[in-house]
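If you read the sequence from its start, that first residue is 1, and numbering goes on from there.
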Amino acid sequence: MVDRDLLPPSYDRWLKQSQRVLEKARREGQKPIRAHIDPDRFLAWCAENHCEPDGMARLAYAGYVAQQSLLPDHTGARRVPSDAKS
């Protein structure tokens, strides 16, 4: 990541921060969706969209992945992630 100096120093620290953000959103009545990101796919998406792999790109890609998870599959059923809270 081009902005790695802005990221938490460890996965555990990042996970705790993201869990706090999710819980805050839920307390505020929002229904967050976890967007599981494959790093290789993210980098390919950045290349396809001519953007640097930074915070803005991560946010845009997470939105893209979340949106894709809500689109109907070939049967017409929504593809809501199994860990999404309603």
Side-chain angles (χ1 to χ4, degrees):
M1 298 298 148
V2 296
D3 61 348
R4 63 184 144 277
D5 56 314
L6 301 176
L7 296 171
S10 69
Y11 173 77
D12 288 336
R13 181 79 95 17
W14 171 84
L15 183 60
K16 286 179 185 176
Q17 286 178 352
S18 66
Q19 288 171 334
R20 283 195 299 266
V21 169
L22 285 172
E23 288 305 315
K24 182 177 186 272
R26 288 183 184 121
R27 282 193 309 274
E28 293 174 353
Q30 299 175 31
K31 296 180 181 181
I33 297 171
R34 289 185 184 156
H36 296 277
I37 306 298
D38 176 276
D40 294 328
R41 288 184 181 163
F42 169 65
L43 292 175
W45 180 88
C46 286
E48 291 170 12
N49 289 278
H50 311 289
C51 60
E52 295 280 334
D54 61 11
M56 291 302 294
R58 287 189 299 274
L59 184 61
Y61 185 68
Y64 167 77
V65 170
Q67 182 182 34
Q68 294 300 306
S69 73
L70 295 174
L71 294 174
D73 65 12
H74 68 283
T75 67
R78 283 182 48 202
R79 294 180 283 178
V80 177
S82 60
D83 61 355
K85 304 282 186 198
S86 321

Same cluster (ILVMFWY, side-chain, under 4.5 Å), Val65 and Phe42: yes
Hydrophobic cluster identity match, Ile37 and Leu7, side-chain contacts under 4.5 Å: yes
Contacts of Glu52 that satisfy side-chain hydrogen bond (donor to acceptor under 3.5 Å, both in side chains) - sequence neighbours left out: none
From CZ (Arg27) to CG (Leu22), nearest 0.5 Å: 11.0 Å
Nearest-0.5 Å distance that lies between atom CD in Glu48 and atom CZ in Arg41: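 One finds 11.5 Å between CD of Glu48 and CZ of Arg41.
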Any Glu28 side-chain heavy atom under 4.5 Å of Lys24 side chain: yes
Indicate the atoms forming the closest heavy-atom contact of [X] with [Y], along with that distance.
{"X": "Ala25", "Y": "Pro32", "value": "CB-CG, 4.1 Å"}
{"X": "Trp45", "Y": "Cys51", "value": "CZ3-SG, 3.9 Å"}
{"X": "Ala66", "Y": "Ala35", "value": "N-CB, 4.1 Å"}

Donor-acceptor pairs under 3.5 angstrom involving side-chain atoms of residues 8-16: please list them, not counting sequence neighbours.
residue: Ser10; atom: OG; partner: Arg13; partner atom: N; Å: 3.1

Listed once per pair and sorted, the side chain to side chain donor-acceptor pair (under 3.5 Å) pairs that draw on residues 53-66, sequence neighbours left out: Asp3-Arg58
SB check Arg20 Glu23 (cutoff 4.0 Å):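 No, Arg20 and Glu23 are not salt-bridged.
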